[in-house]
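Every heavy atom of this structure was used, including side-chain atoms; hydrogens, water molecules and symmetry mates were not.
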Amino acid sequence: ETANISIPYRHGDKIKGLEGCTITRDGRKFELDPKQVFTKKGEHWDEVVFTLPGIEEGCVYEYHYEKWSKNPYVLDPWFFQNEIFTKSSQVTLNLKVGRVYSFFFRNPGLAKTEPEVQPISWGRQYIWTFENLPPLRTEPYVVCMNDYRMAVYFEASGYESIYYNNRDNWGKWGQWADGWYKSLACDKTKFDQKVRELTQNIATDSGKIANIYDYVRQRIKWNGERGIWNLDVKFLDRIMTDQEGTGTEKNLLLLNLLKTAGFDVCPVLISTRENGRVIRDKPGLIQFNQVVVRVRQGERELFLDAVDRLYPFGMLPVDDLEGYGLVLEGDQSYLNYISGDKVCSVKYISTRGEFSSDGGLACTTLVNYQGYYSPLARKQISEKGKEEFIKQRVKDLAPVTMVDSIGHTSLDSVNQPLEMSIFFSADQYGQPAGGDFYVNPTLFTRLRSNPFEKESRNYPVEFPYPFTEIEDTEFRIPQGYALKTLPDNVDREIPGIKFSKAFSTKEGRFFCRRQLAVTQLVFPVSRYQELRNFYQDMVSADQLMVILTKESQ
């Protein structure tokens, strides 16, 4: 699988001189056949794909290529580390006279990062070579693996040397970007008209801001592309007509509409989670891939990102959360921590069920998604359909499950929690053993295995957002059976996470409440064993069974 290679590149760029080969342990050499190299076309990016030949255990493979770009302001980073051991990785930057770039490294460790510099006929060549690089092992609960991958990033700087200039500062970069965004032209008459249309008969400033936000969120389609520079300088004159744009174009439209409405706004550059964390002591715009909008209302600051139609007013998309952004205020631009409003994310599941004498189960389940659970669930439903979305959640409960009906409220109303009702049956849910049968009272939130199975870990554990999940179940004891064993309650807590499971019985029914609350987003490697043991306790608690026994005749 690691020999299946994909090289993405922007439209207008070119991949040249691609060669590759595989050398087996016994010295056989297999050359990459150019006929087995393919180009996959995309809407905004293309990619060269190929599989290196002769792959077997213990072999070594290599490939090299040149990437030519017509838009060399921001070059793609070069990642030295891979998912398997890398014997050697080299990147060469050829620059014409007059082209100057800054560079910085992510995760270089103790390695020397200064390049080898050589003259060429039309400029200079800068070469970085690293050998014997350890593999980057994928681990669960890591937001962005590139935060831990050794890489070099390039950016046109206008300075006299390719070497990173420590006298550079965020304010200077921000002033330049702010000036460029302010130079974007727009039809003031069209904006005035649209703002009047969106704000008429709305009394409060918050209502006006929300209505303008909802217009951009709902009416302007996001084309799936991010980036802070990939926009047409005249896009503001066409985006409301085309009703489509990049993430940055959508938010710059939002900014200009709010500004036209008289609000105190400014653009903020951020790095989404998939792009990686901002390195605060390495000023440069290459670290950012998205523009969001800051709105001031008195002493309150509100950050808005209208890219995703599933996120209501006041909620930043989950990919934007918890990071540093560059607030663009001319020569007063500064780096600031962006966290968004505190969102209470709760998944609540309530089930009432009845058993048949053979262990079959018929249930009515109500599900309520709040906070970040809501847009994430809506996204899955829009991609899979609600029937498949539900089937994926009930299919492992018993050998045979059957969904009878699905109801929902607020499916398209993103300002409301998403609620769903499910009527389903599960054959042989109760596990027979002699005259007894065993019932696991937790249906949907049960943890079947420990996600932290490895004894050690290389990277911090990162949760996407604080959350609480609660599952209440209530089951009627079937006729002819009696409650034999009810498990003891479980309470477990460590700093940043709490788990409990409570069992009870009343009037021919038994009940279980399972609750998990995560309040800390990042657990350092030093706390990994503590967290691993905590999750193992959860797995054990989720295996506890209620035992029902046949009543004597």
is_close_aromatic(F130, F80), centroid dist under 6.0 Å: yes
Reported CG-to-CD1 distance for the pair D472 and I349, which is rounded to 0.5 angstrom: 10.0 Å
Do any side-chain atoms of residues 251-258 form donor-acceptor pairs under 3.5 angstrom with protein atoms, and if so which ones, sequence neighbours left out?
residue : atom : partner : partner atom : Å
N251    : OD1  : A306    : N            : 2.9
N251    : ND2  : V291    : O            : 2.6
N251    : ND2  : D305    : OD1          : 2.9
N256    : ND2  : L252    : O            : 2.7

Shortest non-hydrogen contact between L521 and P464, atoms and distance: CD2-C, 4.3 Å
Ring centre gap for W128 and F79 strictly below 6.0 Å: no
Qualifying residues under side chain to side chain donor-acceptor pair (under 3.5 Å), relative to T365, sequence neighbours excluded: T351
Nearest-0.5 Å distance that lies between atom CE in M420 and atom CZ in R393: 9.0 Å
Steps toward side chain to side chain contact (heavy atoms under 4.5 Å, CB included) verdict (L304, V295): CA-CA 8 Å; L304 302 176; V295 186; 3.8 Å; yes
Ion pair E83/R137, N-O distance below 4.0 Å: no
Donor-acceptor pair between E244 and N223 side chains, under 3.5 angstrom: no
Ring-ring centroid check F288 W173, cutoff 6.0 Å: no
Pair E329 + R296, salt bridge at N-O below 4.0 Å: yes
Centroid-centroid distance, W229 to W176, less than 6.0 Å: yes
CZ (R527) with more than 12 external heavy atoms under 6.0 Å: yes
Closest heavy-atom pair and its distance - Y213, P312: OH-O, 3.5 Å
Minimum heavy-atom distance R457-Y141, with the two atoms named: NH2-O, 3.3 Å
Centroid-centroid under 6.0 Å between F38 and F50 rings: no
Contacts of S374 that satisfy side chain to side chain contact (heavy atoms under 4.5 Å, CB included) - sequence neighbours left out: Y369, R378, L418
Side chain proximity check, L95 to Q125, heavy atoms < 4.5 angstrom: no
Smallest separation among heavy atoms of K250 and I220, with atom names: NZ-O, 2.7 Å
Verdict with reasoning, Y465 to L321, per side chain to side chain contact (heavy atoms under 4.5 Å, CB included): CA-CA 8 Å; Y465 49 84; L321 292 182; 4.2 Å; yes
From CZ (F191) to NZ (K259), nearest 0.5 Å: 11.0 Å
